[in-house]
Amino acid sequence: MARTVLISGGNRGIGLAIARNFQKNGDRVVATFRSSPPPAEITGIKCDVTDETQVSQAVSEVESLHGPVEVLVANAGITLDKLILRMTDEEFGDVLQTNLTGTFRMARAASRAMAKHRWGRMIFLSSVVGFFGAPGQANYAASKAGLVGLARSLAWELGGRGVTVNVVAPGLISTDMTAGLAPERRDLLVGITPLGRMGTPDDVAHAVRFLASEEARFITGAVLPVSGGLAMGY
Ligand code: NDP
């Protein structure tokens, strides 16, 4: 059955692959974007997740286009890498605002209708970095680890209403976000990935769609690594 799916940051990278995957499956998909819109085949709504008004407006817009959001994929994220001695409050806060508070805002805006209709799926994009840490990524790792506590609390709050809340933790995936990695760092990370390669955005999209499916109905509060085994066991 077709569902209404909202993906934050769905104009490029992993978010776009997720949007295409759901759309191919016949779902009604809306992808939010902050700067440039997604390709023409995907419906885009402008929304900066750091702005509460834009988030609630985006969710209302989806509702008037396609009905209540049934699947929320909170994917929008940024990095702003610095060693702690150089990291300002602002640089720490900006990453938290987008990755963690932005997800909280999206989830809050979507949860009312999910609870009312007694069905919903929320999937948050974390990262293996949230569990094993990385030099220069204190802000990013803190935000991604925080998503697990957020998801598990919402799993408790909304479980009785048929809403599941899960986390996907990608390893190293080929997108704009990782394009600037120093080749030595990339090779080091691929070297500790048992499957011996970087992942693709599609690898992540398949896992997200599974967690959104009816078949995943007894899975909530889970963290699913999609990492080729990088950092397994953390
Ligand atoms: P990209 O940098 O390719 O894309 C990031 C997306 O987030 C863009 O759509 C961007 O929009 C959007 N975005 C950023 N800030 C905001 C904001 N304030 N409001 C709304 N949208 C925003 O990243 P990836 O596709 O690689 O990553 C997607 C998610 O997966 C992120 O949460 C990331 O942390 C996570 N992840 C990625 C990994 C990787 O190796 N690539 C590994 C682990 C996790 P715009 O185009 O307008 O800037």
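Read the numbers this way: they start at 1 and go in the same order the structure lists the ligands and their atoms. Reckoned from all heavy atoms, side chains included, excluding hydrogens, waters and symmetry mates.
A salt bridge is defined here as a Lys NZ or Arg NE, NH1 or NH2 lying under 4.0 Å from an Asp or Glu carboxylate O, and Arg108 with Glu52 meets this definition. Between Arg197 and Asp203 there is a salt bridge, with a side-chain nitrogen of the basic residue lying less than 4.0 Å from a carboxylate oxygen of the acidic one.
Under the ring-ring contact (aromatic ring centres under 6.0 Å, His included) criterion, Tyr234 pairs with Phe132, sequence neighbours left out. The side chain to side chain contact (heavy atoms under 4.5 Å, CB included) test applied to Gln57 returns Thr53, not counting sequence neighbours.
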- Between Trp119 and Val71, is a side-chain contact (heavy atoms from CB on, under 4.5 Å) present by the stated rule, with each step listed? CA-CA 9 Å; Trp119 197 92; Val71 177; 4.3 Å; yes
Verdict with reasoning, Leu125 to Ile18, per side-chain contact (heavy atoms from CB on, under 4.5 Å): CA-CA 11 Å; Leu125 269 290; Ile18 294 170; 4.3 Å; yes
- prompt: Can Glu91 and Arg86 be said to form a salt bridge (charged side-chain N to carboxylate O under 4.0 Å, His left out), step by step?
  reply: CA-CA 10 Å; Glu91 287 160 346; Arg86 299 219 178 98; over 6 Å; no
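Looking only at heavy atoms of the protein, atom 5 (C) of ligand 1 is closest to Gly77 O, 3.6 Å. Asp48 OD1, 2.8 Å is the protein heavy atom nearest to atom 18 (N) of ligand 1. The shortest contact between atom 19 (N) of ligand 1 and any protein heavy atom is with Val49 N, 2.9 Å. When hydrogens are left out, the protein atom nearest atom 21 (N) of ligand 1 is Ala76 CB, 3.5 Å; that is the closest non-hydrogen contact.
Using a 4.0 Å cut-off between heavy atoms, Thr98 contacts ligand 1 through its side chain alone, with no backbone atom that close. By the criterion of a heavy-atom distance under 4.0 Å, neither the backbone nor the side chain of Ser8 is placed next to ligand 1. Residue contacts with ligand 1 for Thr175 involve side-chain atoms from C-beta outward but no N, CA, C or O (heavy atoms, distance under 4.0 Å). Using a 4.0 Å cut-off between heavy atoms, Ile14 contacts ligand 1 through both its backbone and its side chain. Proximity of Cys47 to ligand 1, defined as any heavy-atom pair under 4.0 Å, is confined to the backbone N, CA, C and O atoms. With a heavy-atom cut-off of 4.0 Å, Ile78 touches ligand 1 through its side chain alone.
Under the 3.5 Å distance criterion, the side-chain polar atoms of Asn139 are matched with a main-chain donor or acceptor of Leu80. The main-chain N or O of Val167 is never found under 3.5 Å from a side-chain atom of Ser126 such that the two would form a donor-acceptor pair.
In this structure, Ser126 counts as a contact residue of ligand 1, since one of its heavy atoms falls inside 4.0 Å of the ligand. At least one heavy atom of Gly171 sits less than 4.0 Å from an atom of ligand 1. Heavy atoms of Met198 come nearer than 4.0 angstrom to ligand 1 in no pair at all.
Side-chain contact check for Asp202 and Thr200: no donor-acceptor pair (N or O, by modelled atom type) lies under 3.5 Å. Side-chain contact check for Arg34 and Gln54: no donor-acceptor pair (N or O, by modelled atom type) lies under 3.5 Å.
For ligand 1, the polar-atom distance check against Gly15 finds no nitrogen or oxygen pair separated by under 3.5 Å. Considering backbone and side-chain atoms alike, Ser36 places every N or O at 3.5 Å or more from each N or O of ligand 1. In terms of N/O distances under 3.5 Å, ligand 1 is approached by Gly9. Considering backbone and side-chain N/O atoms, Asn75 comes within less than 3.5 Å of an N/O atom of ligand 1. The shortest N or O to N or O distance between Ser127 and ligand 1 is not under 3.5 Å. Residue contacts with ligand 1: Thr50 is placed with no nitrogen or oxygen under 3.5 Å of a nitrogen or oxygen of the ligand (distance criterion only). Geometrically, ligand 1 and Ile173 share a nitrogen or oxygen pair separated by less than 3.5 Å.
Residue Tyr140 has at least one heavy-atom neighbour below 4.0 Å for each of these atoms of ligand 1: 33 (C), 34 (O), 35 (C), 36 (N), 43 (C), 44 (C). Per-residue contacts place Ser35 under 4.0 angstrom from the following atoms of ligand 1 (heavy atoms of the residue considered): 45 (P), 46 (O), 47 (O), 48 (O). Ligand-side atoms of ligand 1 in range of Thr178: 39 (C), 40 (O), 41 (N), range being under 4.0 angstrom from any heavy atom. Atoms of ligand 1 found under 4.0 Å from any heavy atom of Asn11 (numbered from 1 in listed order, with element): 8 (C), 9 (O), 11 (O), 45 (P), 46 (O), 47 (O).
For Glu41, the CD atom sits in a packed shell: over 12 heavy atoms of surrounding residues, nucleotides or ligands are nearer than 6.0 Å. Under a cut-off of 6.0 angstrom, the local environment of CG in Asp187 is crowded, with over 12 non-hydrogen atoms contributed by other residues, nucleotides or ligands.
Lys144 has its side chain out of reach of Gln137: every pair of non-hydrogen atoms, C-beta onward, lies at least 4.5 Å apart.
With atom 1 (P) of ligand 1 as the reference point, the heavy atom nearest to it among Arg12, Arg34, Lys144 is part of Arg12.
Put simply, the residue from Arg28, Glu63, His66 that forms a side-chain hydrogen bond (donor to acceptor under 3.5 Å, both in side chains) with Thr4 is Arg28.
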